[in-house]
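Working notes for the structure below.
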2 protein chains.
Amino acid sequence: MAANSRFAVAVHALALIAWHEDARHSSREIAGSVATNPVVIRRLLAQLAKAGIVESAHGAKGGFRLARPARDIRLHDVYAAVEEGGFFALPEKGNDRCPVACRMKEILNGVFRRVESKVLPELKRTTLADVVGRLPRSS
Amino acid sequence: MAANSRFAVAVHALALIAWHEDARHSSREIAGSVATNPVVIRRLLAQLAKAGIVESAHGAKGGFRLARPARDIRLHDVYAAVEEGGFFALPEKGNDRCPVACRMKEILNGVFRRVESKVLPELKRTTLADVVGRLPRSS
DNA sequence: CCATATGTAACCATTATAGTTATATTTATG
DNA sequence: CATAAATATAACTATAATGGTTACATATGG
């Protein structure tokens with residue numbers, strides 16, 4: 001699969017779980033929809049569980065379900081849970097003896113902060129319920 | 001260096017060029033400031049040249065300079081020139097026989113489009129001149 | 001002619017991610 | 001209690017993107 005589809009896969013998995021909010025869903029079932037391996041799903045959902053977005057249960061009839069209503073799960077929560085850094089990479093080295101390089105890190109940080117300040121509200125405004133609302137009825 | 005610092009390095013290189021807008025700048029000089037290899041700079045600036053942002057000259061006294069004033073180079077132009085895709089990865093496969101998977105691509109596309117519609121104006125508003133304006137005077 | 005550039009191909013190293021296999025553990029149920 | 005079904009997780013491989021390096025063809029000013 002393409003690199004860095006973690007956020008997309010996480011939303012897909014959560015949408016599938018929320019689609020039948022009552023039942024538990026196994027990693028095998030979710031992997032079947034996403035077309036990947038169950039371990040990949042478990043790894044991803046482990047991060048979402050750590051963030052309090054889903055709950056898991058061992059054993060027969062186990063699986064995953066939402067830890068709270070879909071209406072209360074913002075895409076921003078999901079993004080923060082599965083993607084480490086921001087939208088841009090900063091980690092420039094730079095030559096400390098160059099007056100331009102010395103300031104670039106700070107300048108770029110400012111640019112990136114301003115961009116993210118536009119992105120985050122949009123991801124906070126959209127919830128998992130909004131996503132599920134665009135799916136066909138679940139039966 | 002960190003993965004995907006292309007945009008940051010491109011802005012750094014352009015700022016250095018714009019700092020002394022009159023002279024040409026060699027990939028060796030720019031690489032010295034960014035702390036990387038000249039070939040990496042030439043590869044990146046080749047993309048910016050293709051986008052009409054810089055011009056290059058072969059031979060002695062050759063090197064790079066801006067193709068137009070820094071005021072007219074928007075960070076969005078730079079981003080578009082050096083970063084292929086958008087901010088998120090989409091390319092999910094998905095099981096075609098799952099009604100959720102079938103809709104996810106379209107739904108995620110909508111989410112991503114809305115997020116980008118917030119980001120792009122910010123990157124269009126900021127120019128290379130704004131970046132250079134935060135550097136110390138060039139002599 | 002020669003020093004100094006870019007343009008680019010070719011290759012290696014590194015890193016991140018996905019995919020896979022295997023195993024320990026947990027749990028519902030007959 | 002035995003069994004089937006599930007998560008948790010470690011360990012490994014595969015793949016892809018990126019950066020770094022070397023090498024060489026080409027162009028140009030002096």
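The structure presented is a predicted model; accordingly, all values stated were derived computationally and were not measured. Lettering follows sequence order; numbering is per chain, from 1.
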Nucleotide [N], atom [atom2] - distance to [atom1] of [X] in whole Å:
{"X": "B:Ile41", "N": "C:dG7", "atom1": "CD1", "atom2": "C1'", "value": "15 Å"}
{"X": "B:Glu83", "N": "D:dA17", "atom1": "CD", "atom2": "C1'", "value": "11 Å"}
{"X": "A:Leu45", "N": "D:dT9", "atom1": "CG", "atom2": "P", "value": "13 Å"}
{"X": "A:Leu44", "N": "D:dA8", "atom1": "CG", "atom2": "P", "value": "12 Å"}
{"X": "A:Arg43", "N": "D:dA11", "atom1": "CZ", "atom2": "P", "value": "13 Å"}
{"X": "B:Ile17", "N": "C:dT6", "atom1": "CD1", "atom2": "P", "value": "10 Å"}
{"X": "A:Ile30", "N": "C:dG19", "atom1": "CD1", "atom2": "P", "value": "15 Å"}
{"X": "A:Gln47", "N": "D:dT9", "atom1": "CD", "atom2": "P", "value": "12 Å"}

Problem - Cationic N near anionic O, under 4.0 Å, B:Arg125 to B:Glu122 - result: yes

Problem - Cationic N near anionic O, under 4.0 Å, A:Arg71 to A:Asp130 - result: yes

Exercise for the section: Determine the contact category for A:Arg28: base if any of its heavy atoms lies under 4.0 Å from a base atom, sugar-phosphate if only primed atoms, P, OP1 or OP2 are that close, otherwise nothing. Expected result: nothing

Exercise for the section: Quick one: label A:Arg24 by what it contacts on the DNA or RNA (base, sugar-phosphate, nothing), any heavy atom closer than 4.0 Å. Expected result: nothing

Less than 4.0 angstrom between a side-chain N/O of [X] and OP1 or OP2 of [N], yes or no?
{"X": "B:Ser26", "N": "C:dT4", "answer": "no"}
{"X": "A:Ser27", "N": "D:dT7", "answer": "yes"}
{"X": "B:Thr36", "N": "D:dG20", "answer": "yes"}
{"X": "A:Ser5", "N": "C:dA18", "answer": "yes"}
{"X": "B:Lys50", "N": "C:dT8", "answer": "no"}

Practice task
State which of C:dT17, D:dT18, D:dT7 makes the closest approach to the side chain of B:Arg6.
Solution key: D:dT18

Fill in the blank from the handout: Per atom distances to the A:Val40 side chain, the nearest of D:dT21, C:dA18, C:dG7 is C:dA18

Problem - Summary of protein contacts for nucleotides 22-30 of chain D, nucleotide by nucleotide, where a base hit scores B, a sugar-phosphate-only hit scores S (4.0 Å, heavy atoms) - result: BB--BBBS-

Problem - B:Leu128 and B:Leu66, any side-chain heavy atoms less than 4.5 Å apart - result: yes

Handout entry: Min side-chain heavy-atom separation B:Arg6-B:Glu83 under 4.5 Å
Key = yes

Exercise for the section: Just grab all the ring-ring contact (aromatic ring centres under 6.0 Å, His included) pairs involving residues 54-74 of chain B, residues at least two apart or on different chains. Expected result: none

Exercise for the section: List for me each residue that meets side-chain contact (heavy atoms from CB on, under 4.5 Å) alongside A:Ala51, sequence neighbours excluded, and say none if there are none. Expected result: A:Ile53, A:Ala81

Practice task
For the pair A:His25 and A:His20, name the ring-plane relationship: parallel under 30°, tilted 30 to 60°, perpendicular over 60°.
Solution key: parallel

